[in-house]
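First up is the structure itself, then whatever we jot down about it.
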Amino acid sequence: MLFKEEHISEETLSAEKNIKEGKKNTFFADVILPVPVEGRFTYRIPAELSEKVQEGARVVVNFGKRRVLTGIVMRVHQEAPQNRQAKYILELLDEQPLVNASQLRFWEWIADYYMCYLGEVMNVALPSGLKLSSLSKVQFNPSFVALQAQYQIPLSAKEQILIDNLVGDNALTFEQIANLLNVKNVYPIIKSLLFKEAIIVFEELKEKYKPKIVKKIRLTKHYLIDIDKLTELLDALALQKRNFSKQQDVILKYLAEIPADAPIATHQQGLPKSAFVKVGISESSLHALIKKGVFEEFEEIVSRFEEYDTLPLKSITLTDYQQEIVSQIEKSFQEKQTVLLHGITGSGKTEMYIDLINKTLDRGQQVLFLLPEIALTTQIVSRLKKVFGAKLGVYHSRFSDNERVEIWKGVWENRFPIVAGVRSSIFLPFNNLGLIIVDEEHDPSYKQYDPAPRYNARDTALILAHIHQAKVLLGSATPSLESYYQAQQGKYGFIKADKRFGDAQLPEIQLVNMSIERKQKTLKYNFSSLMLQAIEENVQKKEQTILFQNRRGFAPHLTCQECSWIPTCINCAVSLTFHLASNELRCHYCGYRESPPASCLNCGSTKIKTVGFGTEKIEDELKLIYPEIVVQRMDLDTTRSKYSYQTIIDDFANQSIDVLVGTQMVTKGLDFDHVSLVGIFDIDRLIHFPDFRSHERTFQLLTQVSGRAGRKDKKGIVLIQTAKPQHPLLQRVISHDYEGFYQDEIAEREKHFYPPFSRVINITVKADEQSLSIEAATELTQKLKAVLGEGRVLGPVPALIEKIRNQYLQNVMIKLERDKINLKAVKQLIKEQTIGLTSNRRYKTLHIVPDVDPM
DNA sequence: AGCACGCCGACT
DNA sequence: GTCGGCGTGCTC
């Protein structure tokens, strides 16, 4: 059992009543299981558990013949399922619910809105440490020896090998057996041996979560009541020569940590064994004293997050301006559930958030602070830590399962009234949320793309807040078109903070005309002369530079100069990216790798060159041009290990790096005091990306990166290399004109009936063969047009990457009016049509994946 | 999604 | 003849 909170549901009460009245009732539980199957599954509650099973508790059940799964009880009732026998619940894992009633409502809403199964929601919502893993294991059947002697049952060679390996209580998992026998499918062998009664199959359940345990030692009672005895012992040890000096060391170390005159309570807390081992004392000398009855060993469950608890807390002071903004937000909250804060970079949004968080906590309510994935490892969290200390729980994908379970527990017990987390932290067991902050609300990482549920944490936060009657603050320097539109329509409150903290100036953004530089041949590799000059001057001034190129690797393609052949991925319809450091070609979609070819595989020519450039090439070229400059790259490839990201950031912050070259990673949540130049490459590709949001993305990205330049008194400079400096979007960027950009873009969206004017549902048809995917998608489109109306259905079109992991993808887009449309009914129609399609024999095997509000 | 069952080809 | 391929159907 994980949690102690008292919770008695009505069902439990009525069960107790029934028992008192001597009624015999059979109870059933509707259980959510982590499987992509429609509906809930009804299990019978064994009599001995009938009082204990509560809604929201985890149970272990059999599902199908083999499988053992962890499920969540949704409802307890007495309605026996009609046309089938309910299986029994095997085990109850929580005496108190793990998931509360508002969470279950929330899960149902998500499954409904995003067109997925409840089990899929359960899968993302629960940290996997809370799910049991079931392992089928195989054991030798001892009575087989007698059977074998009597009937001489024949065994195949493989069966014999397996039996030989099982003797002597050696249970094996199915996977181990597969490896041992070198077969893919172990079931036939298992089945045959089961039939011959040679083996027994059993399920081993494992609770994955393990509390962190520290082994400690403390004085035994004998010494505790009279600590002077310890000094006596020390003297006695001193008299005896031989090896007792080691034991003296132990006692001395103990007294150094906990002086003899320390309070008894301190002595009782003891010392971790590791404290002794650290100073070179061996375990054996410790054990000698344990044997003597001086110390005793004990274990203590500790938090994995203890380290922060001891830091002194800081408080913050708002400037008058920030104070003013905060009161505007509060005033707006009186009328609106949701408020959009358009705060330019450097306006001190974090301080304002902190103030609002404090006020919510003072009211005894919880706060959820959502951040995009990468921003979470950065300064903003350490600032929050300094203010909120042990009250702050951080929920991040780099955390281990065990750590996530501890956050979950902490939220449940309200030890963490404030949580800063990534999108999946909306699933933590809050019971009294007062405020949700969605920072950088425009960030696409709030949307989960794969697997289902394809939810958007920003949008679902509004639902979560509604359930808790809480407020939502959306914050961004570059709000999404959707949110800004809602604010304009008066659906959201709207506050603008356009003064930078300490009156710091906005950076000066300049466009570098690459067409001209190319004509005049003033380019050096991918660097314009202006860019190089700026970098050089900046380094001389001992200032730092960030270079942004939104593409990792060295070059996005290789190509043969003779025949234009391009190496492509064997599983996906993309070219392979060349990585110099590892000297290999890699697919960024499926992870496939191969060595770069020495010669063209098409014509045999050895004239192979790279096309395009990524962060690795920028880094490489810059080092060639200026060998004395310290350049560091920050992208997915250099930040794979747990701490590498932090290391790079620390190195940059303490100025041991001059130039940081990176992808999106350098644009988010980073604040450095000495960056006065930002250089941006290859932006034209982004502007012309075939997606209706490409302009919005580009504007947001450029504004975000630019915000990294200049602090306080220093005005920063941003250089953007482009072949089209006259592009209206870039003009809006250089004049820091979000309003203007919004007006341009919203007009486009209205003209083409894109969100926020319409609602989009994208349907991807996946098949193993191209022709099949096209055929099925075409048929689906026709069916949908018939029920939804011609104009609302577009496509099918091949996905941007037509083949990924050997699956061919076709997209059908559905555009719906915002009002006067029954969304539920539309989704029902879509479901019916997809079911109708897959009932056709030809299309049985293909996958049809709906994505509501795609990004 | 798993996993079982069942019906086909290519091997000891 | 059997092993093991994957198409089909079901899971309370």
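Naming: A, B, ... by sequence-line order, numbering from 1 per chain. Source: prediction; values computed, not measured.
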Please output the side-chain donor-acceptor pairs of residues 846-853 of chain A that fall under 3.5 Å, not counting sequence neighbours, one pair per line with the distance.
from, atom 1, to, atom 2, distance (Å)
A:Asp851, OD1, A:Lys447, NZ, 2.9
A:Asp853, OD2, A:Tyr113, OH, 2.7

(request) For A:Phe27 and C:dC12, give me the distance from atom CZ to atom C1', rounded to whole Å. (result) 19 Å
(message) Just to be sure I understand the rule, does A:Asp30 reach a base, reach only the sugar-phosphate, or reach nothing, if contact means heavy atoms closer than 4.0 Å?
(response) nothing
(request) Over 60° means perpendicular and under 30° means parallel, so classify the ring planes of A:Trp109 and A:Tyr114, tilted if in between. (result) perpendicular
(message) Distance check needed: C:dT8 C1' versus A:Tyr843 OH, whole Å only.
(response) 18 Å
(request) Rounded to the nearest angstrom, tell me the gap between atom CZ in A:Arg44 and atom C1' in C:dC12. (result) 13 Å
(request) Please work out if A:Pro36 contacts a base, only the sugar-phosphate, or nothing of the nucleic acid, heavy-atom cut-off 4.0 Å. (result) base
(request) Among the candidates C:dG9, B:dC5, B:dG2, find the nucleotide nearest to the side-chain atoms of A:Arg67. (result) B:dG2
(request) Output every pair passing salt bridge (charged side-chain N to carboxylate O under 4.0 Å, His left out) with a member in residues 833-849 of chain A, not counting sequence neighbours, ordered by first then second residue. (result) A:Glu775-A:Arg842
(message) Just the rounded figure in Å: distance from P of C:dG7 to CG of A:Asp768.
(response) 9 Å
(message) How many whole angstroms separate atom CG of A:Leu846 from atom P of C:dG7?
(response) 13 Å
(request) Measure from CG on A:Leu33 to P on C:dC12 and round the result to the nearest Å. (result) 9 Å
(request) Give A:Tyr43 one of three labels, base, sugar-phosphate or nothing, depending on what nucleic acid heavy atoms sit under 4.0 Å from its own. (result) sugar-phosphate
(request) Among B:dC5, C:dC12, B:dA1, find the nucleotide with the atom closest to the side chain of A:Val37. (result) B:dA1
(message) Tell me whether A:Gln160 at atom CD has more than 12 heavy atoms from other residues, nucleotides or ligands lying less than 6.0 Å away.
(response) yes
(message) I want to check one thing: is the phosphate of C:dC10, taken as OP1 and OP2, less than 4.0 Å away from some side-chain N or O of A:Lys65?
(response) no
(request) Please confirm whether the backbone N or O of A:Leu130 pairs with a side-chain atom of A:Arg58, one donor and one acceptor, at under 3.5 Å? (result) yes
(request) For the side chain of A:Lys844, starting at C-beta, report the closest nucleotide among C:dG9, B:dA1, C:dT11. (result) C:dG9
(message) Using the side-chain heavy atoms of A:Ala86, tell me which of these nucleotides is nearest: C:dG9, B:dA1, C:dC12.
(response) C:dC12
(request) Return the value, rounded to whole Å, for the distance between atom NZ of A:Lys766 and atom P of B:dA1. (result) 9 Å
(request) Please tell me which of the listed nucleotides, B:dC5, C:dT8, C:dC12, lies nearest to the side chain of A:Arg84? (result) C:dC12
(message) Given C:dT11, B:dC5, B:dA1, identify the nucleotide with an atom nearest to the side chain of A:Phe41.
(response) C:dT11
(request) Could you state the atom-to-atom distance from CD1 of A:Ile835 to P of C:dC10 in whole Å? (result) 15 Å
(request) Look at the side-chain N and O atoms of A:Lys87 and state whether any lies under 4.0 Å from the OP1 or OP2 oxygen of C:dC12. (result) yes
